[in-house]
Every structure is written in C-alpha cells, then in structure tokens.
Amino acid sequence: MKNDAYAGGLYGLLIGDALGVPYEFHMAGEIPAYEKIEMIPPMGFDKTYGNVDAGTWSDDGAQALCLLDSLLACGMFDLKDFSDRLSGWYEDGLWAVNGVVFDVGMQTSEALSAYRSGLSPEKCGFLRPDGKGNGALMRVLPLALWHKGTDKDLVLDAHSQCLITHGHPCNQVCCALYCLVARYLLGGADFGAALKEAVGVLRGIYQEMPIYEKELEWSVRPEDEWKGRGSGYVVDCLRSAFMIMKTAECYENAVKYAIMLGDDTDTTACVTGGLAGIQYGFQGIPKRWYDVLKEKESVEELLGRLCSAEGSN
C-alpha cells in the first residue's frame, strides 16, 4: 500500500532521528552493541542530552515537519514560507517536541539569524560559501513524499529548499539525488534499482547544468563504491545512508547500522531511516519505537493531509 510507504518514510525519519539523539557525537567505539541500541540507552551509557526524553526528535525531524507543513499549506514549494517556518522553529520551537530547540547546527544558526535580521533567504545559505554540512539533506525527504511534478521539477525544488541554510551546489546535488532515490522507492523499485535510476536521471538533467554536474561527478562520485563514516559532511552522510541501504535487511537493521557508525548519529539515522521506512513500510518499523515517539498526534495530522493530497491526484 502506498500509504504504508508514505507513513514509513515520515515516521522512518523521525524515529531514526529520535533513536540517534542519545548517541550523537559519540565515536563508533563508544556506541553500545547492536542489540542494546534502543530509545533508552543501556545503563551506564553517557547519553548526549541528559534532559531530553526518549522518543524526542531533534532539529532534523522538526525541520522536516516544517517543510512538509509548508508544502501542504502552499501547494507548492515556497522558499519564503518555508524560511518563515524554519525561523519559527529556531525562534519559537515550531514543530519541536514540547517547543524546545536543543540542537542547532552552526551554519543553520547563522543563516536563520541573518534571515531574521532581514537578509533574503536566497542569500542566507551562502554566508559560509564552502559550508557543506548535512543540515539541508536531513530535512528534504518530505519534498519527495509530497511532490507530483516531473523529475526535473523535483530536482529544482530540492535545490531551492537548501538555499535558506546550505546553499552550496554540493548540498543541492546531494538533496536532489536523495529525493530521486526516494521517489523511485515510492514507485516500487528496490534500493539498488532506485539508486541506479536516480543517478542516470540526474546525469541527464545536469547535462545543461555544468556546475551541478561537476559536484555530482567529483564530490558525490556515483561511480565509486558507496562508503561513509557517519560524519556531518553532506556527501559522507549521503554515502553512509546509501552504503547501509545496500545491505540492510529491515528498518531496524538500517537505523542501528547508521548509529553504529558513531558521530552524527541522529542525522545519519534520520537520512537512512527515511529511505528504509519507504522501502520496508510503516509496518516494518518496530512498534516499541513508535510507541515511545513523542507528539505522534501532530505527525498524524500532517500525514493525513499528505495522504489526502496524494489521493486527490
């Protein structure tokens, strides 16, 4: 069922994010054994955010929900509306659990502060010209879940949603490739086929966009073996997710393997979990994790609107 894949994608990213929060910034050797990775870490583990309750998504999930909310409200991708919602998250906790913002990347913080001071959203993401953090990749999946346009339309919108915080073309390319993979998974392809098709389609689109073509071939390097280390560098984050998806046998495999890489555990698990949620469906997400997730009522409201929009097309 398509609705199972849509729910799987949205909950997959939120649960992956929440599962990874307690382990963030711990190196791989410090992460508990596979069977002990849970929303509540094992006794004696020094979780990263001592006052954050189990099942709480971080900036990753909140920004993804801001994007989905904006898309459903506007019926299109609107950079100003999306930027306003991100600013609402940063300033007032919009879509954050209990309205509390406890994790913000430096590049995102600088960009949204500049936006509040009046800088146009098209310029905010270039304050750090070489900034290549994964802060736009972590939130982009709702665009693929919602989008009904052509592949090129989806790619261009994936580029645009980066601009408010992470404008570098490398970030835009990573988001575009990720969205295409998610689209083909939603269409029923297995991961290997979805990735192969996404790379081929993106290469065709980028034939007339040489700056983006260069980033795809020289930064993302789709001809190389997909390997990643779970860091906050956008290319490594994308490659980590693809590496895991090529071997994972279920949703639980995917997000636990992401966390076992250490470092940026919440984002790697979020980015990986969104794809795994689509592939294995909502029914493939462990119920024990869903039960612990906070504020599901608000997520259900958004998901209902998304599935209604899907059904009307």
Whether [X] side chain and [Y] backbone form a donor-acceptor pair below 3.5 Å:
X      : Y      : answer
Gln172 : Ala158 : no
Asn98  : Val100 : no
Ser160 : Leu156 : yes
Asn171 : Gly131 : yes
Asp17  : Gly61  : yes
Gln283 : Asp4   : no
Asp103 : Asp59  : no
Thr272 : Ala254 : no

For a 4.5 angstrom cut-off between non-hydrogen side-chain atoms, does [X] reach [Y]?
X      : Y      : result
Tyr6   : Ile278 : no
Leu68  : Leu145 : no
Leu238 : Leu137 : yes

Other cluster members, Leu119 - Ile/Leu/Val/Met/Phe/Trp/Tyr, side-chain contacts below 4.5 Å: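 Via sub-4.5 Å side-chain contacts, Leu119 links to Leu127.
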
ILVMFWY clustering at 4.5 Å (side-chain atoms), partners of Phe102: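 Its cluster mates, by chain and number, are Val21, Phe25, Tyr49, Val52.
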
Could you measure the distance from the [atom1] atom of [X] to the [atom2] atom of [Y]? Nearest 0.5 Å is fine.
X      : Y      : atom1 : atom2 : result
Lys256 : Cys250 : NZ    : SG    : 9.0 Å
Asp153 : Met76  : CG    : CE    : 11.0 Å
Ser120 : Leu163 : OG    : CG    : 9.5 Å
Ile31  : Thr265 : CD1   : OG1   : 6.0 Å
Phe191 : Ile244 : CZ    : CD1   : 10.0 Å
Leu19  : Ile40  : CG    : CD1   : 11.5 Å

Test log, rule salt bridge (Lys or Arg N to Asp or Glu O under 4.0 Å), inputs Glu252 and Arg288: CA-CA 11 Å; Glu252 183 168 348; Arg288 69 185 187 279; 2.8 Å; yes

Distance-minimising heavy-atom pair for [X] and [Y]:
X      : Y      : answer
Ala182 : Ala144 : CB-CB, 3.8 Å
Leu72  : Trp146 : CD2-CD1, 4.0 Å
Gly133 : Val234 : O-CB, 3.4 Å

Audit row: Thr56, Asp53, side-chain hydrogen bond (donor to acceptor under 3.5 Å, both in side chains) steps and yes/no: CA-CA 6 Å; Thr56 299; Asp53 292 337; 5.5 Å; no

Sort and list the pairs that fulfil salt bridge (Lys or Arg N to Asp or Glu O under 4.0 Å) and have at least one residue in [range], not counting sequence neighbours.
range            : value
residues 162-173 : none
residues 261-283 : none
residues 18-37   : none
residues 177-192 : Asp151-Arg183

Ion pair check, Glu223 and Arg203, cut-off under 4.0 Å: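 Yes, charged N to carboxylate O under 4.0 Å.
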
Note: Glu300-Lys296 ion pair, threshold 4.0 Å (strictly below):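 No, this pair does not count.
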
Listed partners of Asp224 passing salt bridge (charged side-chain N to carboxylate O under 4.0 Å, His left out), at least two apart: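 Residues passing salt bridge (charged side-chain N to carboxylate O under 4.0 Å, His left out) with Asp224: Arg221.
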
Salt bridge (charged side-chain N to carboxylate O under 4.0 Å, His left out) against Asp69, all qualifying residues, sequence neighbours excluded: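 With sequence neighbours excluded, Asp69 shows a salt bridge (charged side-chain N to carboxylate O under 4.0 Å, His left out) to Arg85, Arg305, given in chain and number order.
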
Working for side-chain contact (heavy atoms from CB on, under 4.5 Å), residues Thr108 and Tyr90: CA-CA 9 Å; Thr108 297; Tyr90 183 55; 5.8 Å; no

Contacts of Tyr206 that satisfy ring-ring contact (aromatic ring centres under 6.0 Å, His included) - sequence neighbours left out: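 Expected list: His159, Tyr212.
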
For Tyr251, ring-ring contact (aromatic ring centres under 6.0 Å, His included) partners two or more places apart: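 By the ring-ring contact (aromatic ring centres under 6.0 Å, His included) rule, Tyr251 matches no residue at all.
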
Donor-acceptor pair between Thr165 and Arg139 side chains, under 3.5 angstrom: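 Per modelled atom types, Thr165 and Arg139 side chains form a pair under 3.5 Å.
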
Polar side chain donor-acceptor pair, Glu295 to Trp57, under 3.5 angstrom: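 Side chains of Glu295 and Trp57: no pair found under 3.5 Å.
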
Steps toward side-chain contact (heavy atoms from CB on, under 4.5 Å) verdict (Ile164, Leu112): CA-CA 8 Å; Ile164 177 61; Leu112 293 179; 3.9 Å; yes

Parallel, tilted or perpendicular: rings of Phe282 and Tyr11 (30°, 60°):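 Rings of Tyr11 and Phe282: tilted, as their planes differ by 30° to 60°.
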
ILVMFWY cluster, Tyr34 and Leu261 together (side-chain gap under 4.5 Å):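 Cluster IDs for Tyr34 and Leu261 match.
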
Cluster overlap Tyr290 with Ile37, hydrophobic side-chain contacts below 4.5 Å: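 Hydrophobic grouping puts Tyr290 with Ile37.
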
Qualifying side chain to side chain donor-acceptor pair (under 3.5 Å) pairs, either residue in residues 232-249, two or more places apart: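 Every side chain to side chain donor-acceptor pair (under 3.5 Å) pair that includes a residue of residues 232-249, provided the two are not neighbours, is Ser231-Asp236.
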
Val220/Cys174 under side-chain contact (heavy atoms from CB on, under 4.5 Å): CA gap, chis, key distance, verdict: CA-CA 7 Å; Val220 179; Cys174 288; 3.9 Å; yes

Whether over 12 other heavy atoms sit under 6.0 Å from Asp291 CG: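 Yes, because the 6.0 Å sphere around CG of Asp291 holds more than 12 heavy atoms from other groups.
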
Verdict with reasoning, Asp157 to His147, per side-chain hydrogen bond (donor to acceptor under 3.5 Å, both in side chains): CA-CA 9 Å; Asp157 280 343; His147 214 285; 2.8 Å; yes

Glu91 and Ser87: CA distance, side-chain angles, deciding distance, side-chain hydrogen bond (donor to acceptor under 3.5 Å, both in side chains) verdict: CA-CA 6 Å; Glu91 299 293 337; Ser87 183; 5.0 Å; no

Derivation and outcome, side-chain hydrogen bond (donor to acceptor under 3.5 Å, both in side chains), residues Ser83 and Arg116: CA-CA 10 Å; Ser83 300; Arg116 186 183 184 191; over 6 Å; no

Working for side-chain contact (heavy atoms from CB on, under 4.5 Å), residues Val255 and Ile15: CA-CA 9 Å; Val255 292; Ile15 289 172; over 6 Å; no

Partners meeting side chain to side chain contact (heavy atoms under 4.5 Å, CB included) with Ala194 (sequence neighbours left out):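 If we apply the side chain to side chain contact (heavy atoms under 4.5 Å, CB included) test to Ala194, skipping adjacent residues, the hits are Val181, Tyr184, Leu185, Ala189.
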
